[in-house]
Amino acid sequence: MNKNTDNTRESLAKPSGNGESPSNFIKNIIIDDFRTNKYGGRIHTRFPPEPNGYLHIGHAKAICLDFGMAEEFGGKCNLRFDDTNPMKEDVEYIESIKEDIHWLGFDWEDREYYASDYFEQLYDYAIQLIKDGKAYVCDLTPDQMREYRGTLTQPGIDSPFRSRTVEENLDLFERMRAGEFEEGSRVLRAKIDMRAGNINMRDPVIYRIIKASHHRTGDKWCIYPMYDYTHCLSDSIERITHSLCSLEFEDHRPLYDWFLDQLGVFHPQQIEFARLNLTYTLMSKRKLRLLVEEGYVDGWDDPRLLTLSGLRRRGYTPEAIREFCDRIGVAKANSVVDISLLEHCLREDLNKRASRAMAVLNPLKVVIDNYPADKEEHVEAVNNPEDESMGTRMLPFSNIIYIERDDFREDPPRKYFRLAPGREVRLKHAYYITCDKFLKDESTGEIIELHCHYDPESRGGWTKDARKIQGTLHWVSAKHAVDAEIRLFDHLFTKPDPNDLEEGQTFKDLINTQSSTALKKCKIEPGLVDMIQPVQFLRHGYFIADAKLSKPEKPVFNRSVPLRDTWAKIEKSLDK
RNA sequence: UGGGGCGUCGGCAAGCGGUAAGCCACUGGUUUUUGGCACCAGCAUACGUAGGUUCGAAUCCUACCGCCCCAGCCA
């Protein structure tokens with residue numbers, strides 16, 4: 001069977017099951033459009049960000065959908081910047097947006113467009129509307145316009161300027177462009193219906209005067225088209241077939257249809273879907289910017305932020321994010337996805353790829369009394385038990401090592417099978433040790449150091465008698481260890497829904513002040529040369545060297561996500 | 001009280017008239033030189049509610065209830 005010649009109908013009729021993305025209502029529409037040959041077998045989408053902020057995980061959902069659908073059905077996806085408001089936009093954002101999309105693994109090839117590229121065409125369309133008596137220049141102030149607009153339940157009232165002649169409108173609009181009028185003094189409005197139930201249809205503004213220079217068109221224009229007008233026509237100009245957007249634009253669709261129909265131009269199909277929400281975080285661009293600008297976080301790429309640059313710095317992989325976007329699905333119901341699904345996708349990806357290493361975050365000194373002080377040897381350690389091809393490495397061992405403070409208890413609770421007085425444990429890849437005594441600062445209760453003896457017959461971590469050792473600890477040799485800083489992160493907000501506020505609260509009151517912890521006295525195994533790659537610190541989690549702070553002489557690691565911790569659960573249930 | 005949407009397991013979400021997929025979370029268990037991973041098992045007699053049509057309804061009809069969005073010269 002030749003799969004390639006057969007894939008128009010049969011395989012398209014099967015939404016899922018080919019190892020491709022799961023079924024969703026948009027995909028079903030597209031399949032149906034192919035079946036009815038709605039656009040001549042063509043699919044063309046676009047991702048249309050406004051360059052006024054950094055992309056976040058919610059945008060990733062849209063990107064995966066826009067680029068993903070095009071890719072899956074053999075079409076194209078444009079990148080188009082919706083840059084119609086020079087007051088809010090900046091080239092800084094354009095660069096970051098392009099970087100993030102590429103990082104996710106999508107490519108718009110040579111189709112990098114800007115709504116501002118269409119300003120001249122858009123102006124001509126406006127002239128056409130005026131000539132057809134479908135648009136007029138209005139001198140109402142913003143306040144007056146609000147009054148005339150009516151309310152949700154009361155119809156609006158016609159503007160006194162609504163009946164200007166075509167000639168007068170043409171003259172005024174041309175003079176608006178020429179810069180004759182003050183900013184905000186006049187607008188061009190569509191002449192639709194001030195009594196419409198849909199407020200978007202009550203003679204919406206389509207052009208306003210803004211005397212600001214634009215990041216691409218400079219000072220060429222002092223009138224700028226509004227988003228509603230620009231967006232649908234830009235889609236039309238680019239011959240977009242499926243214009244995917246979020247739910248709040250659903251009641252703008254009749255307005256888009258109106259513009260398109262009045263002008264008699266190509267008519268894309270808009271389909272709306274629900275935005276992504278995640279527990280313990282915020283997605284609003286406005287609030288994200290506030291967190292950045294007021295210094296609650298360390299820039300747009302703060303590892304606690306779910307911006308794509310933040311996730312990247314945190315150690316998230318594009319693969320994990322795309323897998324996540326596949327699994328959350330696409331629908332019209334507002335919903336909040338559990339952040340643990342995102343974390344799961346990262347663990348799943350990194351488990352296969354990250355090399356293993358040992359790091360002690362809170363070191364406790366252990367002296368192995370029967371191991372010669374002048375001796376050192378190397379033990380072999382596998383780099384990834386999930387992938388033999390990743391090989392092994394040699395780890396130095398000596399009589400003084402560090403283990404995790406939490407791996408020793410003076411009075412071990414039930415089911416605790418780590419180190420305690422008289423207990424034997426395995427040092428991963430090395431030897432069995434038994435705790436003989438411990439030194440304690442009686443005033444603070446702090447354990448100073450442990451004294452143990454090792455079993456020389458247990459080299460490599462096993463013995464001939466095959467005795468059962470339940471606990472396996474990670475460790476580093478004191479004299480070989482490298483000092484490092486390790487940063488741990490937690491949710492940025494204390495409540496699953498940071499928008500769920502009590503009387504007098506703002507979302508800032510819900511910021512988790514414990515969301516970032518820097519451990520500065522960590523000990524990591526030597527030879528972690530390839531610090532660009534994600535690493536699993538055994539029994540801790542997945543980490544990545546911080547792209548900004550880490551130096552070869554002073555490594556800084558970010559914890560991307562902790563490992564599942566069954567013991568923590570057991571211990572918690574023991575408390576009750 | 002106008003207009004536009006949405007309601008399927010704790011959280012996402014398939015399903016499109018033939019008798020409730022999957023994933024996350026959670027709970028047991030097996031395995032284990034990571035209390036990780038993997039594996040096995042459990043987890044909606046039920047689809048907002050109430051009626052109706054039908055041999056048969058989450059899917060069709062009617063009414064009701066609940067939630068979300070819209071009154072920027074923002075996008």
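Convention: sequence-line order gives letters A, B, ...; per-chain numbering from 1.
- The interatomic distance linking A:Glu323 (CD) with B:C24 (P) rounds to 10 Å, in whole Å.
- Counting any heavy atom pair closer than 4.0 Å across all strands shown, A:Tyr207 reaches no nucleic acid atom.
- For an aromatic pair to be called close, the ring centres must be under 6.0 Å apart, and A:Tyr207 with A:Phe173 satisfies this.
- Among the protein residues, A:Pro155 comes within range of no part of the nucleic acid, since none of its heavy atoms lies under 4.0 Å from any strand.
- Annotation: B:C16 and B:C73 have their C1' atoms spaced 45 Å apart (nearest Å).
- For A:Arg564 against B:G35, no side-chain N or O and base N or O form a donor-acceptor pair under 3.5 Å.
- The separation between A:Asp139 atom CG and B:C73 atom C1' is 13 Å, rounded to whole Å.
- Within 4.0 Å (heavy atoms only), A:Val187 reaches at least one base atom of the nucleic acid.
- At a threshold of 4.0 angstrom between heavy atoms, the contacts of A:Phe249 include nucleobase atoms, whether or not backbone atoms are also involved.
- Residue A:His344 places at least one side-chain N or O under 4.0 Å from the OP1 or OP2 atom of B:C24.
- To the nearest angstrom, C1' of B:C67 lies 14 Å from CG of A:Asp497.
- Evaluation of the side chain to side chain contact (heavy atoms under 4.5 Å, CB included) rule for A:Arg175 yields A:Asp171, A:Leu172, A:Glu180, A:Phe181 as partners, not counting sequence neighbours.
- Atom CD of A:Glu248 and atom P of B:A71 are 11 Å apart (whole Å).
- Using a 4.0 Å cut-off between charged side-chain N and carboxylate O, A:Arg195 and A:Asp193 make a salt bridge.
- At the heavy-atom level, A:Arg149 lies under 4.0 Å from the strands shown only through sugar-phosphate atoms.
- The residue A:Gln536 sits close to a base: some heavy atom pair falls under 4.0 Å.
- The side chain of A:Thr472 lies closest to B:G35 when the candidates are B:C12, B:G35, B:C24.
- You won't find any donor-acceptor pair under 3.5 Å spanning the side chain of A:Gln154 and the base of B:U1, going by distance alone.
- The cationic atom of A:Arg46 (NZ for Lys, CZ for Arg) does not lie both less than 6.0 Å from the six-membered ring centre of A:Tyr113 and within 45° of the ring axis.
- One finds a side-chain N or O of A:Thr566 lying less than 4.0 angstrom from the OP1 or OP2 phosphate oxygen of B:G36.
- Shown here, B:G72 is classed syn by the O4'-C1'-N9-C4 or O4'-C1'-N1-C2 angle, which is within 90° of 0.
- In terms of phosphate contacts, A:Asn28 brings no side-chain nitrogen or oxygen within less than 4.0 Å of OP1 or OP2 of B:A14.
- Of the C1' atoms belonging to B:U59 and B:A41, the separation is 31 Å, rounded to the nearest Å.
- Rounded to whole Å, the separation between the P atoms of B:G28 and B:G15 comes to 34 Å.
- Within the 4.0 angstrom heavy-atom criterion, only backbone atoms of the sugar-phosphate kind lie near A:Val330; the bases stay farther away.
- Toward the 5′ end of RNA chain B lies the nearest nucleotide of A:Thr151, the other residue of the pair A:Lys88 and A:Thr151 mapping further downstream.
- Under the 30°/60° scheme for interplanar angles, the aromatic rings of A:His474 and A:His540 are found to stand perpendicular.
- On the P atoms, B:G3 is 14 Å away from B:A63, given to the nearest whole Å.
- Nucleotides B:G22 and B:A71, compared at atom P, are 42 Å apart to the nearest Å.
- For the 3.5 Å distance criterion, the side chains of A:Tyr123 and A:Glu174 fail to qualify, holding no donor opposite an acceptor.
- For RNA chain B, each stem of at least three Watson-Crick or G-U pairs (distances under 3.5 Å) is given as range with range: B:2-7 with B:65-70, B:10-12 with B:22-24, B:26-30 with B:38-42, B:48-52 with B:60-64.
- Here A:Leu140 lies in heavy-atom contact (under 4.0 Å) with a base.
- Regarding contacts with the backbone of B:A25, every side-chain N or O of A:Arg327 stays at 4.0 angstrom or more from both OP1 and OP2.
- Across all strands, A:His252 comes closer than 4.0 Å to base atoms (heavy-atom distances).
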Between A:Tyr136 and A:Asp203, does the side-chain hydrogen bond (donor to acceptor under 3.5 Å, both in side chains) criterion hold? Intermediate values first, please.
CA-CA 9 Å; A:Tyr136 63 98; A:Asp203 290 11; 2.6 Å; yes

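- Rounded to a whole Å, the CD1 atom of A:Ile403 is 17 Å from the P atom of B:U34.
- Contact annotation: A:Arg356 does not reach the phosphate of B:G36 (side-chain N/O to OP1 or OP2, under 4.0 Å).
- Nucleic acid contact class of A:Tyr416 (heavy atoms, under 4.0 Å, all strands): base.
- Residues A:Asp235 and A:Gln270 bring no donor and acceptor atom of their side chains to less than 3.5 Å of each other.
- Residue A:Asn24 has its side chain nearest to B:A14 when only B:A14, B:C26, B:C73 are considered.
- In terms of position along RNA chain B, the nucleotide closest to A:Asp338 lies nearer the 5' end than the nucleotide closest to the other residue of the pair A:Asp338 and A:Gly461.
- Salt-bridge formation is not detected for the pair A:Glu404/A:Arg539: no Lys NZ or Arg NE/NH1/NH2 atom is positioned less than 4.0 Å from an Asp or Glu carboxylate oxygen.
- Counting non-hydrogen atoms of neighbouring residues, nucleotides and ligands closer than 6.0 angstrom, the NZ atom of A:Lys415 reaches no more than 12 such neighbours.
- Residue A:Glu386 is classed as a base contact, given a heavy-atom separation below 4.0 Å to a base.
- Here A:Arg418 does not reach the OP1 or OP2 of B:G35: none of its side-chain N or O atoms lies under 4.0 Å away.
- Here the nucleotide nearest the side chain of A:Pro142, chosen from B:A14, B:C26, B:C73, is B:C73.
- Side-chain contact, A:Gln533 with A:Ser355: no donor N or O sits under 3.5 Å from an acceptor N or O.
- Nucleotides B:G72 and B:G11, compared at atom C1', are 35 Å apart to the nearest Å.
- Side-chain contact between A:Met283 and A:Leu278 is present, with at least one heavy-atom pair separated by less than 4.5 Å.
- The CG atom of A:Leu350 lies 6.0 Å from the OG1 atom of A:Thr317; values are rounded to the nearest 0.5 Å.
- A:Asn351 comes within contact range of at least one nucleobase, with a heavy-atom separation under 4.0 Å.
- Residue A:Lys415 is in base contact, counting any heavy-atom pair closer than 4.0 Å across all strands shown.
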Protein-nucleotides 4-8 of chain B N/O pairs closer than 3.5 Å?
| unit_1 | atom_1 | unit_2 | atom_2 | d |
| --- | --- | --- | --- | --- |
| B:G5 | O2' | A:Glu250 | OE1 | 3.4 |

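- Taking only side-chain nitrogens and oxygens, A:Arg275 never comes nearer than 4.0 Å to OP1 or OP2 of B:A75.
- Side-chain atoms of A:Glu238 and A:Tyr118, non-hydrogen and from C-beta on, do get closer than 4.5 Å to each other.
- Residue A:Thr279 places none of its side-chain N or O atoms closer than 4.0 Å to OP1 or OP2 of B:G11.
- Residue A:Arg146 places its side chain closer to B:A71 than to any other of B:A75, B:A71, B:G15.
- Across all strands shown, A:Ser335 has heavy atoms under 4.0 Å from sugar-phosphate atoms exclusively, and none from any base.
- The nucleotide whose nearest atom lies closest to any side-chain atom of A:Met145 is, among B:C74, B:C73, B:U34, B:C73.
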